[in-house]
There are 2 protein chains.
Amino acid sequence: MVKQERAARTRESLIQAAAKAFDSAGFDGTSLGRVSAGAGISMGALTFHFRTKADLADAVQLRGVSLTRDAVKQVICSRTAELETVVAITLALVGLLEESTVVRAAARLSRERAATSVPWPSSWVPVVEDLLDRVPEQDLRPGTDPGVLLSLVSHLVTGAEVHIRNDIRSAEKKRTRTVAQVAEIWDIALLGVFPALRVP
Amino acid sequence: MVKQERAARTRESLIQAAAKAFDSAGFDGTSLGRVSAGAGISMGALTFHFRTKADLADAVQLRGVSLTRDAVKQVICSRTAELETVVAITLALVGLLEESTVVRAAARLSRERAATSVPWPSSWVPVVEDLLDRVPEQDLRPGTDPGVLLSLVSHLVTGAEVHIRNDIRSAEKKRTRTVAQVAEIWDIALLGVFPALRVP
């Protein structure tokens, strides 16, 4: 039992150290040696748990996708209006990217490893697509294409991901700002940049 | 003379091959050997022109920044209204990222090489900031923060950059779509998602 717990703890440390390395250096830029050193765990123990770098990346991606799915599910359960839920999911995703190295690494790895079985966007894109399809007509300005709203969400999430990673790299300063910033962008997108008079 | 032209052509091939490698694999993921093979130019000739990988990256970044500055200048000269110019610059940047491997590589490298002297955003952020500061009050819905509009532009440009790179990696399909997509996102942001009735 104690042995099993120790093994689980080692596995967890390796996943966290791998996420940190993959997030900042990408799949190609990460070596098992770097992960082993980062976790303070011997190469022997590392390769006992994860035979290859791909196995390690798979574990990080699976974890990131599952964390994201849980967060999205939670938002859906606490909201009713579709458009409001889409905004809340965007903010939850940006919040996760800000707080969780594993989620950030999963987002990056799913781009870098095309052959991967669990692309990170699969944990939220279908949900957002479905919600956008079900927004009642009277909630949207006539002519608003739900597909364009999905692109907006997607660019905001990717833009936030890259900016957060960049901020962390440049020095551990000014965090928790990105969620507020994306919330303000959504406010502008919902109400429009143009003053009311110019809205047809 | 002929010798000088040949040298210039070699240099140019090296910059293009380096841009391709840096764009898809990043700074750490790129080796001089890969650039030499990609350009069909010997390692000897390569190191005659560029002593180190950093020199090569500097050349790609300088070129990308200068291409971007020219494009931004051209948009500014052909427009008058500030907000319209900001939208046009966003679309010009996304168009450049779509068409120019050098610009895409410069955008990526300037994040990966923090110590670099020419960050890519310096070729357009100050211009957009200045334009947003000068948008006449009556052109904006009251309460619209120009800083948030800069964040929107920044997320759209980064989101587009990452998506374009991803599309190219996954197969040379569906290009030239991103500019149109970002134009549609801007339309929505300018007019608002909510129907006119809900605009205060």
Side-chain angles (χ1 to χ4, degrees), chain A residues 25-30 83 86-87 107-108 110-112 114 135 137-145 147-163 165-166 169-171 177-178 180-200, chain B residues 25-30 83 86-87 107-108 110-112 114 135 137-145 147-163 165-166 169-171 177-178 180-200:
Chain A
F27 186 75
D28 287 342
T30 295
L83 200 52
V86 169
V87 173
R108 178 175 185 158
S110 81
R111 280 195 303 273
E112 295 183 349
V135 175
E137 214 171 284
Q138 70 269 24
D139 283 3
L140 293 178
R141 189 173 44 77
T144 304
D145 178 349
V148 177
L149 287 180
L150 177 63
S151 310
L152 172 60
V153 175
S154 167
H155 284 305
L156 289 179
V157 169
T158 309
E161 177 206 331
V162 174
H163 282 101
R165 183 174 297 120
N166 212 31
R169 189 173 300 166
S170 61
R177 265 197 58 247
T178 318
Q181 192 191 59
V182 171
E184 288 182 304
I185 294 178
W186 256 123
D187 282 347
I188 285 186
L190 291 174
L191 296 173
V193 176
F194 287 155
L197 280 173
R198 294 183 61 173
V199 174
Chain B
F27 186 75
D28 287 341
T30 295
L83 199 52
V86 169
V87 173
R108 177 173 186 159
S110 80
R111 279 196 303 273
E112 296 184 348
V135 175
E137 213 171 289
Q138 69 269 23
D139 284 2
L140 294 178
R141 187 173 47 76
T144 305
D145 178 350
V148 177
L149 288 179
L150 177 63
S151 309
L152 171 61
V153 174
S154 168
H155 285 305
L156 290 179
V157 168
T158 308
E161 177 207 330
V162 173
H163 282 101
R165 183 173 299 120
N166 212 30
R169 189 172 301 165
S170 62
R177 266 197 58 246
T178 318
Q181 191 191 62
V182 172
E184 289 182 302
I185 293 177
W186 255 123
D187 282 347
I188 284 185
L190 291 173
L191 295 173
V193 176
F194 288 155
L197 280 173
R198 295 184 57 173
V199 173

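Below, chains carry the letters A, B, ... as their sequence lines are ordered, and counting in each starts from 1.
Comparing B/G143, B/A189, B/A25 by heavy-atom pairs within less than 4.5 Å of chain A, the highest count is held by B/A189. Chosen from B/G29, B/A160, B/S151, the residue pairing most often with chain A at heavy-atom distances under 4.5 Å is B/S151. Per-residue counts of heavy-atom pairs under 4.5 Å with chain A were compared for B/L149, B/V157, B/V135, B/D28; the largest is that of B/L149.
For the atom pair CG (A/L152) and CD1 (A/I185), the distance works out to 8.0 Å, reported to the nearest 0.5 Å. For the atom pair CG (A/L156) and CG (B/L156), the distance works out to 7.0 Å, reported to the nearest 0.5 Å. The distance from atom CG of B/L190 to atom CD1 of A/I188, rounded to the nearest 0.5 Å, is 10.5 Å.
Nearest heavy atom pair, residue B/H163 against residue A/T158, reads CE1-OG1, 3.2 Å.
Heavy atoms closer than 4.5 Å to chain A are found nowhere in B/E161, neither backbone nor side chain. Interface remark: B/V182 contributes side-chain atoms only to the contact with chain A (heavy atom separation under 4.5 Å).
When side chains are defined from C-beta on, B/T144 does not count as touching A/L191, because their heavy atoms never get closer than 4.5 Å.
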